Amino acid sequence: MPVIIRDINWEETDTSLVLHIPMKGAKATKLDVLSSDQYLKVSFSPYFYEVFLHDLIDDDKSRIIIQDGFVEATLTKQYPRKWNQLSHSQSDDKEAMKIVREDALRQIAEKQKQRHEANASLLNTNKREAVREQMKLEEDERNRIDTIKKNERDKISDEMKQFEDNQKIQRQVAIQNHVHEVQSQKKVDEIEKKKIIFEENTSKENSRITVEPKITAPLRETGRIAVNFTSRVFPTPLRESQTEMEDEWLRKQIDSRQFNTDLQLDLSENEKDIDYLKTKANQFFQQGNFQSAIGVYSHAIRIFPKVAILYSNRGACHFQVRNMMKCVEDCSRALELLDPPVLDNLPQRIKAHVRRGTAFCELELYAEGLLDYEAALKLSPDDEKIRQDAQRIRNFLEKNQDFS
Amino acid sequence: MDKPQIILHSQKSVNYTVFDVKWIPTSAKFISLGNHARGTGALDIFEITHGDIALIAQHEKPTAFKCGTFGASPSRERRHLATGNFDGYIQVWDLEKLEKPIYSVKGHTEIINAIDAIGGLGVGEGAPEIATASRDGRVHIWDTRQADLPVASMEPAEGETKRDCWAVCFGNSFNSSERVVCAGYDNGDVKLFDLRTMSIRWETNIKNGVCCLEFDRKDIEMNKLVATTLESKIHVFDMRTQHVEKGFASVVEKAHNSTVWIGRHLPQNRDVFMTCGGSGSYYLWKYNYPENRVKTQTDKTEVGVAGTLTLLQNIGLSTQPASAFDWSPDKPGLACTSAFDQTVRVLITTKLNSI
């Protein structure tokens with residue numbers, strides 16, 4: 001239970017008011033003060049003192065100090081005049097006090113907020129100032145470098161002018177020399193011609209005798225050197241960043257070519273030859289006999305389980321007989337095997353994506369189909385047909401979304 | 001700010017793809033070679049006047065040009081340009097009379113990717129020769145005094161699948177008999193052919209397709225070789241000491257974050273070179289020799305020691321690959337360059353004498 005202090009002393013002048021509140025042995029650190037322009041509360045547990053002041057004070061200019069066991073509150077009045085009493089006339093009215101207290105608290109909260117905002121805005125202006133300073137410094141640095149560069153440039157344009165003039169003069173001199181030589185040669189010619197009885201065809205070509213320095217070095221004997229190159233499987237130029245992926249792809253190709261020796265089947269030579277099987281299956285496909293083609297491909301896959309093209313082609317057959325799910329499965333398996341993505345397997349990857357995309361669309365899974373078409377488009381951005389098909393699917397999806 | 005600065009002096013837009021630019025010896029003019037959209041060849045002559053690039057002459061030829069060089073010109077006053085085109089023709093043009101080439105031969109079955117020439121311009125000794133590298137995997141050496149047939153050729157052996165030859169350069173031509181040709185291929189092979197003994201002197205594989213090769217000087221005993229490749233790699237080989245198994249020592253740098261298309265040494269300082277990348281960036285390098293260029297191993301054989309490269313300066317001028325670059329032999333630091341954004345530019349590098 002807080003104890004209200006009543007035995008306070010106070011003095012006043014025209015402009016200020018001093019309150020002495022005994023601390024009654026409490027510690028100075030436990031002091032808590034709440035004040036507004038007409039309310040003052042001082043509490044240090046378990047004691048507390050509050051007063052509803054008679055008149056308004058200037059809260060910001062008032063001070064509280066602790067001295068000799070007393071809390072001395074120096075309050076500056078807003079209106080300089082004598083009060084003659086400390087508390088307001090309505091002080092005893094509990095209701096009024098409550099209202100006053102609430103007002104005071106509200107005022108204090110507002111003051112807090114204002115102070116906070118003032119701080120924040122001060123911080124902002126400081127920051128902006130700092131940034132401006134920084135920018136100015138950088139600007140100065142830039143200007144300095146620019147002036148140096150400009151000086152260099154100006155110096156150079158002078159030098160260039162000199163250089164151009166020099167070259168022109170040299171050209172003139174060379175031409176002069178040339179002309180002199182031609183003239184002296186012409187003189188020699190004329191003297192000779194005077195000795196000749198009949199006229200010779202002194203065509204213009206003869207007068208332009210070129211003073212050509214003879215090439216004295218002998219012509220090289222024809223020779224040939226045979227060159228061997230470091231072997232490279234791909235026709236593209238060698239790039240260090242691609243070598244790892246290319247090697248992995250080559251290894252996978254070699255692996256896939258080895259057939260599955262777990263099978264204990266008695267197969268004829270033909271049936272073990274992947275090219276024979278591919279040709280046979282292709283024939284069936286061309287004839288429209290898709291089921292047989294599927295059969296041959298499935299057989300081939302049992303023997304060569306890692307060859308991507310077999311899955312891709314079987315997917316095409318499934319598409320033709322409308323087994324869309326199986327087509328999707330086969331294309332997916334083919335894409336798995338066509339990893340790592342090198343330039344060599346690019347056309348196969350594009351085909352697989354387009355095929356799977358079409359199968360998805362036939363299954364009415366348009367979103368998945370669009371994904372595949374966009375993947376194909378990324379691999380081959382110049383293909384107009386893929387672009388148009390992708391756009392059609394996109395439009396179709398948008399239209400359907402409006403309805404749903 | 002004591003570092004050399006690379007400054008863009010001027011630039012000019014053209015309406016064709018430029019594949020090569022070369023300074024015309026003893027002049028403030030340079031030529032550009034390229035490919036019009038209609039498939040014909042462009043040969044333009046530009047001059048630097050009043051701080052800008054002026055187009056002086058424009059020529060159009062039936063087939064697109066890929067590369068060119070003035071290296072086999074008989075003299076500095078009579079300039080002969082040797083070019084390689086998309087059809088495999090190697091042609092030599094007299095700049096005063098560009099209507100017809102003075103030498104033309106269908107030297108290759110496919111596009112000529114690179115060309116280099118030596119023995120002209122009063123530099124070096126020995127016969128003036130032109131080397132061409134083509135997609136048909138062959139390197140041919142031509143002499144304008146012999147029509148129709150190359151004087152030397154390096155061809156794939158019988159039964160060997162050909163690889164694209166992307167780069168070629170001459171070197172080691174310090175007297176009238178010695179000469180080597182270095183060729184780079186798209187599978188990372190670098191091969192050094194000795195023309196005096198008609199044999200392969202050295203071969204290696206640097207794991208990325210070789211875009212450009214250049215010796216630091218063609219007319220001295222071979223000193224350094226720069227090889228620029230795909231995947232942002234630059235190799236510099238020390239060519240003074242060859243070990244029987246290990247070959248030549250080299251240092252590798254990674255730069256440009258893209259294909260390094262060209263490496264060109266400064267004519268006035270053979271330890272400074274510029275590389276141009278697929279990101280349109282230009283890097284200026286200096287090679288620092290090690291304390292000892294040769295190391296003796298435990299089995300008494302000598303092996304070379306590679307030095308280090310320091311990056312002096314870099315600049316980004318374009319978003320497209322910088323495909324051609326040529327230092328001016330007359331003015332230190334002046335260079336012409338082109339990129340696939342259909343622009344030719346003139347650059348000036350300052351403070352090169354303080355390196």
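The structure presented is a predicted model; accordingly, all values stated were derived computationally and were not measured. To find a chain, count down the sequence lines: A is the first, B the second, and so on, and within it residues start at 1.
- Only the side chain of B/Asn205 comes within contact range of chain A, with at least one heavy atom under 4.5 Å from a heavy atom of that chain.
- Residue contact with chain B, scored on non-hydrogen atoms closer than 4.5 Å, involves the side chain of A/Phe163 exclusively.
- Ionic pairing of A/Glu141 and A/Lys136 is not present here: no N-O contact between side-chain nitrogen and carboxylate oxygen is shorter than 4.0 angstrom.
- Residue B/Val260 is tested with B/Asn208, B/Leu230, B/Ile234 for a side-chain contact (heavy atoms from CB on, under 4.5 Å); the sole match is B/Ile234.
- Only the side chain of B/Leu334 comes within less than 4.5 Å of a heavy atom of chain A; its backbone N, CA, C and O stay farther away.
- Using modelled atom types, one side-chain atom of B/Gln146 and one backbone atom of B/Leu149 make a donor-acceptor pair closer than 3.5 Å.
- For B/Lys233, the part sitting under 4.5 Å from any heavy atom of chain A is the side chain, from C-beta outward, and nothing else.
- Only the backbone of A/Thr236 comes within contact range of chain B, with heavy atoms under 4.5 Å apart.
- Between A/Glu246 and A/Arg239, none of the side-chain N atoms (NZ, or NE/NH1/NH2) sits under 4.0 Å from a carboxylate O, so this pair counts as no salt bridge.
- Only the side chain of B/Glu47 comes within contact range of chain A, with at least one heavy atom under 4.5 Å from a heavy atom of that chain.
- Looking at B/Lys331, both its backbone and its side chain come within 4.5 Å of chain A, counting heavy atoms on both sides.
- Salt bridge A/Arg387/A/Asp383: absent, no basic N to carboxylate O contact under 4.0 Å.
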